[in-house]
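Notes follow the structure.
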Amino acid sequence: SGQFTESSPLAGTTLRCQRYQDGDCDWIDTPGIVSGYDAATVQQAVQASDSADAIVLILRADRACEELVALRPILNRRRVAIILTFRDRLAPKNEQLQQRILSTWREQLSVPVELIDSRTPDANELAQLRASVIEARALEPGIPAPLPVFPTIKQASLTRRLERTL
């Protein structure tokens with residue numbers, strides 16, 4: 001929509017539910033549901049999502065598996081699209097690996113999953129995000145087989161150091 005949400009000094013942290021009109025879409029930006037957050041903030045986010053046609057679940061790619069497991073119970077049978085952020089923190093030069101991991105996530109969850117750099121998204125990534133919302137599908141209950149983890153820059157450098165040591 002081109003509008004910015006009210007956030008805390010920590011970039012990307014939404015403080016309260018806010019609505020934005022963008023063409024035929026009515027977006028509701030909610031505070032993140034974070035373990036240890038106050039109950040009122042979590043309840044506000046869950047209530048706002050109850051009226052939504054689809055939920056865009058924003059997860060950090062480097063922590064997506066754990067975050068999805070924690071949020072899964074409130075998402076069952078809801079139309080969901082998953083956007084994984086922090087692409088810039090993933091191991092570089094692993095585009096093929098990233099695409100294989102994305103394909104596995106899409107197949108196992110049967111919902112759209114996209115990987116973007118949310119700090120500097122390009123027009124293609126924003127178009128993919130919008131298409132994912134339109135294509136959102138019901139997230140079925142239950143826990144799928146373990147989802148693959150995206151290797152981070154830190155993990156990749158550790159692997160290279162281990163390889164040199166061995």
Side-chain angles (χ1 to χ4, degrees), residues 1-2 5 11-14 17 20 22-35 37 42 45-159:
S1 73
T5 185
T13 305
T14 302
C17 290
Y20 303 96
D22 178 24
D24 57 350
C25 289
D26 186 19
W27 301 88
I28 303 171
D29 187 8
T30 68
I33 300 175
V34 180
S35 177
Y37 244 57
V42 172
V46 171
Q47 285 175 343
S49 72
D50 285 343
S51 65
D53 292 330
I55 296 173
V56 179
L57 185 61
I58 312 274
L59 303 173
R60 289 177 55 161
D62 59 337
R63 298 181 185 164
C65 292
E66 311 92 79
E67 291 176 349
L68 181 59
V69 168
L71 295 169
R72 185 90 190 225
I74 63 172
L75 298 170
N76 287 337
R77 301 199 195 292
R78 301 293 309 273
R79 288 185 60 233
V80 174
I82 297 175
I83 307 301
L84 302 173
T85 63
F86 285 65
R87 183 176 71 185
D88 56 317
R89 291 192 181 175
L90 301 180
K93 299 181 183 178
N94 271 330
E95 184 67 28
Q96 290 178 336
L97 175 60
Q98 289 176 6
Q99 290 306 313
R100 282 196 312 267
I101 293 172
L102 273 175
S103 293
T104 301
W105 275 64
R106 290 174 184 137
E107 289 169 17
Q108 288 186 1
L109 297 174
S110 298
V111 300
V113 181
E114 296 298 332
L115 177 62
I116 69 168
D117 178 357
S118 59
R119 286 185 271 278
T120 56
D122 61 31
N124 186 46
E125 289 174 324
L126 295 175
Q128 288 173 329
L129 188 150
R130 182 175 279 280
S132 292
V133 173
I134 292 167
E135 297 167 7
R137 290 188 290 262
L139 188 63
E140 295 302 322
I143 299 174
L147 293 164
V149 177
F150 288 87
T152 62
I153 292 170
K154 185 177 174 181
Q155 290 168 331
S157 67
L158 176 62
T159 301

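- Sparse packing is recorded around CG of Asp53, with 12 or fewer heavy atoms of other residues, nucleotides or ligands lying under 6.0 Å away.
- Contact detail for Ala81 and Ala136: the closest heavy-atom pair is N-CB, 4.0 Å.
- A side-chain donor-acceptor contact under 3.5 Å links Arg137 to the backbone of Ser110.
- Here the CG atom belonging to Leu90 is positioned 5.0 Å from the CD atom belonging to Gln98, to the nearest 0.5 angstrom.
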Self-check item: Arg130 and Val133: CA distance, side-chain angles, deciding distance, side-chain contact (heavy atoms from CB on, under 4.5 Å) verdict
Solution: CA-CA 5 Å; Arg130 182 175 279 280; Val133 173; 5.8 Å; no

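- Distance check: Phe150 CZ to Arg89 CZ gives 15.5 Å after rounding to the nearest 0.5 Å.
- With Val111 as reference, Ile82 is the one residue of Ile55, Ile82, Leu75 to meet the side-chain contact (heavy atoms from CB on, under 4.5 Å) rule.
- In this structure, the separation between CG on Leu59 and CG on Leu115 is 11.5 Å, given to the nearest 0.5 Å.
- Leu97 places none of its side-chain heavy atoms less than 4.5 Å from the side chain of Pro148.
- Atom CG of Leu57 is separated from atom CD1 of Ile74 by 8.5 Å, given to the nearest 0.5 angstrom.
- The heavy-atom pair separating Val149 from Ile101 by the smallest distance is O-CD1, 3.4 Å.
- Rounded to the nearest 0.5 angstrom, Asp117 CG and Leu84 CG are separated by 12.5 Å.
- Here the options are Arg72, Arg78, Arg77, the test is side-chain contact (heavy atoms from CB on, under 4.5 Å), and the partner is Leu139; only Arg72 passes.
- Going from atom OG1 of Thr104 over to atom CD of Gln99 covers 11.0 Å, rounded to the nearest 0.5 Å.
- A heavy-atom distance below 4.5 Å is found between the side chains of Leu147 and Leu109.
- A salt bridge links Arg106 with Glu114; the closest basic N to acidic carboxylate O contact falls under 4.0 Å.
- A distance-only check finds a donor-acceptor pair linking the side chain of Glu125 to the backbone of Asp122 [under 3.5 Å].
- Under the 4.5 Å side-chain criterion, counting only non-hydrogen atoms from C-beta, Gln128 is in contact with Asn124.
- Considering all non-hydrogen atoms of both residues, Ala64 and Trp105 come closest at CB-CH2, 3.4 Å.
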